[in-house]
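Here's the structure we're looking at; comments come further down.
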Amino acid sequence: MVNISIGEIRLRLGENFCNKFENVFGGSFFEKILRGFSCERKPCVRVNTLKTSCAEMMKKFRETGVGFERIPFLADSLIIKNKNEKFFEDLEIYKNGEIYFQGVSSQLPAVFLGCKSGEKVLDMCAAPGSKTAQIGIFMGNRGEILANEFDKIRAEKLKFTLDRQGVSIAKIRLGDGVSLGHEFPETFDKVLLDAPCSAEGRINISEPRSYKFWSEKVVKKCADLQKRLILSGFKALKKGGVLVYSTCTLAPEEDEEIVNFLLEKGGDEVEILKLNLVGFEKYLLPVKVKNCLKIMPSEVCEGFFVAGFRKK
């Protein structure tokens, strides 16, 4: 834990930010969120089962003195207890893609999406490729992934991530995600929309660039884009298919209100799925829409929101 008082954290974030989220979550939860913003987060490694096994990686870690703990709902991921990410950068297991650093929260959307071999999957905002690669690994490199990215430079990072992890079934599309539904109507078995957002869940109080950009205007701009993206993603989804929506934000305008927006616009076609994280309850925040998950920032995870839908 970084030694910064709650008062100092509030001062750095500003009155507008603090008033907003204290009103949303109440004083007790908001103080926990503020503590989470000052935590030193433990690194989390996702084992690439296209190249090795979790059992083999745990054996290697024990042999090299790397302390770790398992995560019950992430079968192939390990929280590292006594090393930082830099320790691994020169190791072959890192350079050849046997392991990949990906936060606990960030791994949840692909888990809830539940992709299987042979399916056709759309990742609407794919860069830097963490979740795209995770999906390809779940599919055993069998099937099709369309990995969409709007920004050319970020698309290059996406390609690098996929290549290093050996995911060969993803085709990268450079373009606007809002047009995907029109271009590919009812095409995909699964759709992931990990949406651009105002990123309150990723605030590190020691890094001003992680929060200085924040404003209500940014939140509104993100929410407007998210509405257009989720309608596009739902249009691209086959009947019976599943769409998972996620953000690393805490703002209800970008989370629960986007869920309600799709439920309203989709009408009888939309079924919201019940998401559970057994054993993780102490890290969950209250939500205003049933069956969704909102995760508070802490020493093991960043703040996050995830919701799932089926197209009837």
Side-chain angles (χ1 to χ4, degrees), residues 1 24-26 28-49 52-59 61-62 66-85 99-116 130-131 133-135 137-138 190 192 194 200-203 242-250 252 255-256 259 272-310:
M1 178 78 72
V24 170
F25 296 109
S28 177
F29 276 113
F30 184 59
E31 183 164 326
K32 291 178 182 178
I33 291 168
L34 294 181
R35 294 286 183 199
F37 291 158
S38 65
C39 280
E40 185 176 349
R41 198 159 292 127
K42 296 176 184 176
C44 180
V45 161
R46 172 169 56 74
V47 178
N48 182 354
T49 55
T52 186
S53 68
C54 197
E56 181 62 28
M57 193 53 60
M58 288 191 292
K59 181 183 175 184
F61 282 175
R62 291 188 187 102
V66 176
F68 61 86
E69 59 185 273
R70 303 294 300 271
I71 309 168
F73 47 85
L74 295 175
D76 298 311
S77 295
L78 305 167
I79 291 175
I80 306 301
K81 297 165 70 174
N82 63 340
K83 306 287 184 185
N84 58 24
E85 189 170 340
I99 60 170
Y100 182 83
F101 283 89
Q102 185 176 355
V104 172
S105 300
S106 172
Q107 295 184 51
L108 296 176
V111 171
F112 288 126
L113 199 59
C115 297
K116 298 179 177 64
S130 305
K131 299 174 183 67
Q134 187 184 3
I135 289 168
I137 291 164
F138 284 161
K190 304 283 170 64
L192 174 62
D194 184 51
E200 296 99 4
R202 299 182 68 181
I203 287 174
V242 170
L243 181 150
V244 167
Y245 173 79
S246 61
T247 69
C248 57
T249 185
L250 304 175
D255 295 340
E256 292 96 327
V259 172
I272 190 164
L273 302 178
K274 186 173 184 179
L275 306 183
N276 290 306
L277 274 182
V278 177
F280 208 62
E281 288 82 1
K282 70 176 181 177
Y283 297 111
L284 298 182
L285 288 165
V287 287
K288 296 178 180 178
V289 177
K290 285 183 179 180
N291 301 329
C292 307
L293 293 175
K294 185 166 282 192
I295 299 162
M296 76 172 73
S298 70
E299 73 281 358
V300 298
C301 52
E302 64 188 20
F304 216 78
F305 176 84
V306 60
F309 308 89
R310 189 182 308 281

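All values below come from the heavy atoms of this structure, side chains included, with hydrogens, waters and symmetry mates left out.
Phe25 pairs by the ring pair (Phe, Tyr, Trp, His ring centres under 6.0 Å) definition with nothing, not counting sequence neighbours. Take Asn84 and apply the side-chain contact (heavy atoms from CB on, under 4.5 Å) test, not counting sequence neighbours, and it matches Lys86, Phe87. Remark: Ser105 engages no residue in a side-chain hydrogen bond (donor to acceptor under 3.5 Å, both in side chains) (not counting sequence neighbours). Applying the side-chain contact (heavy atoms from CB on, under 4.5 Å) criterion to Tyr100, with sequence neighbours excluded, gives Arg46, Gln102, Ser130, Thr161, Gln165. Applying the salt bridge (Lys or Arg N to Asp or Glu O under 4.0 Å) criterion to Arg41, with sequence neighbours excluded, gives no partner residue. Applying the side-chain hydrogen bond (donor to acceptor under 3.5 Å, both in side chains) criterion to Lys190, with sequence neighbours excluded, gives Glu119. Taking Glu56 as the reference, nothing meets the side-chain hydrogen bond (donor to acceptor under 3.5 Å, both in side chains) condition, with sequence neighbours excluded. Residues that satisfy the side-chain contact (heavy atoms from CB on, under 4.5 Å) test with Lys288, not counting sequence neighbours, are Glu256. Judged as a side-chain contact (heavy atoms from CB on, under 4.5 Å), and not counting sequence neighbours, Lys290 has no contacts. Not a single side-chain hydrogen bond (donor to acceptor under 3.5 Å, both in side chains) links Ser298 to another residue, sequence neighbours left out.
To the nearest 0.5 Å, atom CG of residue Leu284 and atom CE of residue Met296 are 7.5 Å apart. The distance from atom CD1 of Ile203 to atom CD of Glu302, rounded to the nearest 0.5 Å, is 11.5 Å. To the nearest 0.5 Å, atom OG of residue Ser53 and atom CG of residue Asn48 are 11.0 Å apart. Taken from SG in Cys301 to CG in Leu277, the straight-line distance is 9.5 Å, to the nearest 0.5 Å. Expressed to the nearest 0.5 Å, how far OG of Ser246 lies from CG of Leu108 amounts to 9.0 Å. Atom CG of residue Leu293 and atom CG of residue Leu285 lie 10.5 Å apart, to the nearest 0.5 angstrom.
When all heavy atoms of Val259 and Ala307 are compared, the pair lying nearest together is CG2-CB, 3.7 Å. Closest approach of Gly308 and Leu275 over heavy atoms only: N-CD1, 3.8 Å. Considering all non-hydrogen atoms of both residues, Leu192 and Pro109 come closest at CD1-CB, 3.7 Å.
Residue pairs meeting the ring pair (Phe, Tyr, Trp, His ring centres under 6.0 Å) criterion with at least one partner in residues 282-307, sequence neighbours excluded, are Phe280-Tyr283.
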- request: Give the intermediate values and the outcome of side-chain contact (heavy atoms from CB on, under 4.5 Å) for residues Ile272 and Val289.
  value: CA-CA 10 Å; Ile272 190 164; Val289 177; 4.1 Å; yes
query: Taking it one step at a time, do Leu113 and Ile135 satisfy side-chain contact (heavy atoms from CB on, under 4.5 Å)?
result: CA-CA 9 Å; Leu113 199 59; Ile135 289 168; 3.9 Å; yes
query: Between Leu250 and Ile33, is a side-chain contact (heavy atoms from CB on, under 4.5 Å) present by the stated rule, with each step listed?
result: CA-CA 10 Å; Leu250 304 175; Ile33 291 168; 3.9 Å; yes
Candidate pair Phe112 and Val306, rule side-chain contact (heavy atoms from CB on, under 4.5 Å), full reasoning: CA-CA 9 Å; Phe112 288 126; Val306 60; 4.1 Å; yes
Report, one line per pair, each donor and acceptor closer than 3.5 Å where one atom sits in a side chain of residues 66-81; sequence neighbours left out.
residue: Arg70; atom: NH2; partner: Ala75; partner atom: O; Å: 3.0
residue: Ser77; atom: OG; partner: Gln107; partner atom: OE1; Å: 2.5
residue: Ser77; atom: OG; partner: Gln107; partner atom: NE2; Å: 3.3

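Not a single donor-acceptor pair under 3.5 Å links the side chain of Thr52 to the backbone N or O of Thr49.
For the residue pair Thr247 / Asp194, no side-chain donor-acceptor distance below 3.5 Å is found, with atom types taken as modelled.
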